[in-house]
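Each chain gets a letter, A, B and so on, in the order the sequences are listed, and its residues count up from 1. These values consider heavy atoms only, across backbone and side chains, with no hydrogens, waters or symmetry-generated copies.
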Amino acid sequence: MLASFGKGLPLSFYLRPVAEVAPDLLGRHLRLGPVTLRITEVEAYGGQGDSASHARSGRTPRNAPMWEEGGRAYVYFCYGMHHMLNVVTGPAGQAEAVLIRACEVVAGLELVLQRRGGVKGPALLTGPGKVAQALGVDLTRTRETFFEPGGLELLEGSPPDGMLRGPRVGVDFASPEDRDRPWRFAVAGTRWVSQPRTLG
DNA sequence: CACAGGATCGTT
DNA sequence: ACGATCCTGTGT
């Protein structure tokens, strides 16, 4: 019999404030083809008013998907080698998104190991670049909704027992107010978290 | 057209 | 602590 990973999340799930959707994504399942991951760490990024967000300087070709209706992917290329996967939230015009920072493998371990170069332990999937690499997500996925057959899917998954939160990683360039905003969320007690140091 | 920098990762 | 590596936004 086929393993069931739950139903797909409805559009209404995404059409809420980003700081509400982000913690609600913990424990959800992210699937693309044969690989299914359980989300263990995320970060919320706000719209134009958030100086840490790609939306801070208005709409550009790269961040255009952020301005569209929630329930789709925003993928960008970083440091010349890493792809970052975000979940766009809110109605069109809000430009809010959640960065998927870490996961644990639910299905497709063999392919994940292959894509990640045989790395073992938490280093397999703790960090946003690693998540995209494991899923096989690249720039061609940006703007794609989570409702397309054969595409990226977000499923109900299993809720976490507890949650940790802390400031976002790598946003020292932002205003003090935005830098200190506790918009990073992680499943409590899991090894599948990047830089656990700054989480409480 | 040229340039500086980045929501990172893996090694030193 | 640092280098890889190239897309992107900004300015000329």
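With B/dA7, C/dG9, B/dG10 as the choices, the nucleotide that has an atom nearest any side-chain atom of A/K130 turns out to be B/dG10. Of the listed nucleotides (B/dA7, B/dC9, C/dG9), B/dA7 has the atom at the smallest distance from the side chain of A/Y76. Side-chain atoms of A/P128 lie closest to B/dC9 of the nucleotides C/dG9, B/dC9, C/dT8. Of the candidates C/dT8, C/dT10, B/dA7, the closest approach to any side-chain atom of A/S57 belongs to C/dT10.
If A/V98 and A/Q133 are placed on DNA chain B by their nearest nucleotide, the residue sitting closer to the 5' end is A/V98.
The CD atom of A/E43 sits 12 Å away from the C1' atom of B/dT8 (whole-angstrom rounding). Between the C1' atom of B/dC9 and the CG atom of A/L125 lies a distance of 14 Å, rounded to the nearest Å. Atom pair A/L85:CG and B/dA7:C1' shows a separation of 13 Å (rounding to whole Å applied). The nearest whole Å value for the distance from the CE atom in A/M84 to the P atom in C/dC7 is 15 Å. With rounding to whole Å, A/N63 atom CG is found 12 Å from B/dA7 atom P. Look at NZ on A/K120: it is 15 Å from P on B/dG10, rounded to the nearest Å. Rounded to whole Å, atom P of B/dG5 lies 16 Å from atom NE2 of A/H54. If you take NE2 of A/H83 and P of B/dA7, they are 15 Å apart, rounded to a whole angstrom.
Contact check, A/R62 against B/dG6: no side-chain N or O comes under 4.0 Å of OP1 or OP2. For A/R116 and B/dG10, the shortest distance from a side-chain N or O to OP1 or OP2 is below 4.0 Å. Remark: A/S194 is not in phosphate contact with B/dT8, judged by side-chain N or O atoms under 4.0 Å from OP1 or OP2. Remark: A/H82 is not in phosphate contact with B/dC9, judged by side-chain N or O atoms under 4.0 Å from OP1 or OP2.
Looking at heavy-atom distances under 4.0 Å, A/Y45 makes contact with a base. Contact annotation for A/A52: base contact, defined as any heavy-atom pair under 4.0 Å involving a base atom. As judged by a 4.0 angstrom heavy-atom cut-off over every strand, A/M81 is placed among the base-contacting residues.
Counting heavy atoms of neighbouring residues, nucleotides and ligands inside a 6.0 Å radius, atom CD of A/E110 does not exceed 12 of them.
Panel note: side chain A/R165, backbone A/F185; no donor-acceptor pair is recorded below 3.5 Å. The backbone N or O of A/A95 lies less than 3.5 Å from no partner atom in the side chain of A/R59, so there is not a single donor-acceptor pair.
Side-chain N/O atoms of A/Y79 and base N/O atoms of C/dA4 include no donor-acceptor pair closer than 3.5 Å.
With a cut-off of 3.5 Å on both Watson-Crick or G-U wobble distances, the partner of B/dA4 is given as C/dT8.
Pairing each heavy atom of A/V35 with each of A/V112, the nearest pair is CG1-CG2, 3.7 Å.
Salt bridge annotation for A/D24-A/R16: present, with a cationic side-chain nitrogen under 4.0 angstrom from a carboxylate oxygen.
The side chain to side chain contact (heavy atoms under 4.5 Å, CB included) with A/T36 is formed by just one residue from the set A/L109, A/V106, A/V105, A/L30; it is A/V106.
Comparing C/dC2 with B/dG5, their C1' atoms sit 16 Å apart, to the nearest whole Å.
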